[in-house]
Engineer: 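So that we are looking at the same thing, I have put the structure below in structure tokens.
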Amino acid sequence: AQSVAQPEDQVNVAEGNPLTVKCTYSVSGNPYLFWYVQYPNRGLQFLLKYITGDNLVKGSYGFEAEFNKSQTSFHLKKPSALVSDSALYFCAVRPGSARQLTFGSGTQLTVLP
Amino acid sequence: EAQVTQNPRYLITVTGKKLTVTCSQNMNHEYMSWYRQDPGLGLRQIYYSMNVEVTDKGDVPEGYKVSRKEKRNFPLILESPSPNQTSLYFCASSASMATNEKLFFGSGTQLSVL
């Protein structure tokens, strides 16, 4: 069975500094990986996905993520954090054979002014 | 505007009183799904549907029912709610899970079962 781990419940970063939100996964076969963001009182919104090809994928709002097969990780990054990036971030994985996404437990990102 | 619409936004009920949470999408999506969100547990899938009249259990289906009679609608039914079903519920849809199309989420339904 597939699983996703987000080891940090909370990440705090100063505005203008780079940010990283960590994600590791466990699947059989090739994984399809996703990041979603949830703002307060809203549903989740898609940020980016890795399907195949270049290990560095770029997404919405200046976010990017790096797929590392040897470390089974898919960390979310942004070079310069904004206060408006403060939100709950979810990593998700779908093995090639599965018909459903498995989500991590979420990481609350707080960007301090 | 492309959207997934859930109703109601908030719901307080009592144990055993049947309820339905509606979900509708206007994007002609094939795939629809229900999730519940609980602190520290992330999103867990309840049921999903690959297309009309095709539904499958997710990770936590006990105590829930769904139906997919029309492509746009995917209601979630709790026939005898219990307090452990107090949670934040999200409906989502996608053009296709097989080709990794992104999920569109509704705004959520906060359910409290007393």
Side-chain angles (χ1 to χ4, degrees), chain A residues 1-10 21-25 27 29-53 57 59-60 63 65 67 74 87-108, chain B residues 1-7 9-10 21 23-25 27 29-51 54-61 66 68 88-110:
Chain A
Q2 64 265 28
S3 65
V4 178
Q6 293 182 242
E8 300 159 318
D9 292 334
Q10 175 83 40
V21 182
K22 296 179 180 178
C23 172
T24 59
Y25 65 90
V27 299
N30 293 323
Y32 302 120
L33 294 152
F34 303 79
W35 276 100
Y36 284 82
V37 60
Q38 184 181 29
Y39 298 102
N41 300 312
R42 301 285 297 275
L44 280 71
Q45 297 176 32
F46 172 80
L47 272 181
L48 51 80
K49 65 182 178 183
Y50 170 82
I51 305 304
T52 187
V57 294
S60 308
F63 284 93
F67 171 62
F74 189 56
L88 186 57
Y89 290 81
F90 289 96
C91 183
V93 66
R94 184 178 86 84
S97 58
R99 294 183 290 180
Q100 54 194 118
L101 276 181
T102 296
F103 284 85
S105 56
T107 298
Q108 180 66 51
Chain B
E1 180 189 354
Q3 60 184 0
V4 177
T5 303
Q6 283 180 241
N7 282 297
R9 184 75 175 86
Y10 300 95
V21 184
C23 174
S24 180
Q25 49 92 6
M27 296 168 278
H29 283 170
E30 290 187 349
Y31 182 92
M32 296 187 74
S33 181
W34 277 102
Y35 297 88
R36 59 178 289 173
Q37 182 179 10
D38 301 289
L41 297 177
L43 271 76
R44 293 179 292 168
Q45 192 175 45
I46 302 170
Y47 270 94
Y48 64 97
S49 169
M50 301 292 285
N51 214 324
V54 180
T55 62
D56 279 298
K57 296 178 180 179
D59 297 318
V60 288
V66 293
R68 187 94 182 270
L88 179 58
Y89 291 86
F90 287 101
C91 180
S93 73
S94 167
S96 171
M97 183 55 62
T99 55
N100 295 296
E101 302 303 319
K102 64 182 179 182
L103 284 167
F104 289 79
F105 283 81
S107 297
T109 296
Q110 180 65 59

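Here is how names work: the chains are called A, B, and so on, in the same order as the sequence lines, proteins then strands, and each is numbered from 1.
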Engineer: Where is the tightest heavy-atom contact between G40(B) and S105(A), given as atom of each residue plus distance?
Structural biologist: O-CB, 3.5 Å
Engineer: To the nearest 0.5 Å, what is the distance between OH on Y36(A) and CG on L43(B)?
Structural biologist: 10.5 Å
Engineer: Name the one of I51(A), L101(A), L33(A) that satisfies side chain to side chain contact (heavy atoms under 4.5 Å, CB included) with N100(B)?
Structural biologist: I51(A)
Engineer: Heavy-atom cut-off 4.5 Å, strictly under: side chain, backbone, both or neither for Q6(B) against chain A?
Structural biologist: neither
Engineer: Less than 4.5 Å to any heavy atom of chain A: does that hold for the side chain of D38(B), its backbone, both, or neither?
Structural biologist: neither
Engineer: What verdict does the side-chain contact (heavy atoms from CB on, under 4.5 Å) test give for D59(B) and Q100(A), after you've listed the backbone C-alpha separation in whole Å, the side-chain angles of each residue and the deciding distance to 0.1 Å?
Structural biologist: CA-CA 10 Å; D59(B) 297 318; Q100(A) 54 194 118; 3.9 Å; yes
Engineer: So what's closer than 4.5 Å to chain A heavy atoms on R44(B): side chain, backbone, both or neither?
Structural biologist: neither
Engineer: In Å, rounded to the nearest 0.5 Å, how long is the span from CG of N41(A) to CD of Q110(B)?
Structural biologist: 9.5 Å
Engineer: Let me confirm one number: the NZ-CG distance from K102(B) to L48(A), rounded to the nearest 0.5 Å.
Structural biologist: 11.5 Å
Engineer: Tell me, side chain or backbone of R94(A) under 4.5 Å from chain B's heavy atoms, or both, or neither?
Structural biologist: side chain
Engineer: Would you find a donor on one side and an acceptor on the other, under 3.5 Å apart, between the side chain of Y35(B) and the backbone of F103(A)?
Structural biologist: no
Engineer: Where do F105(B) and R42(A) land on the side-chain contact (heavy atoms from CB on, under 4.5 Å) test, with the steps shown first?
Structural biologist: CA-CA 9 Å; F105(B) 283 81; R42(A) 301 285 297 275; over 6 Å; no
Engineer: Check each atom of Q38(A) against the heavy atoms of chain B and say whether the ones under 4.5 Å are side chain, backbone, both or neither.
Structural biologist: side chain
Engineer: Can you say whether F104(B) sits under 4.5 Å from chain A via the side chain, the backbone, both, or neither, judging by heavy atoms?
Structural biologist: neither
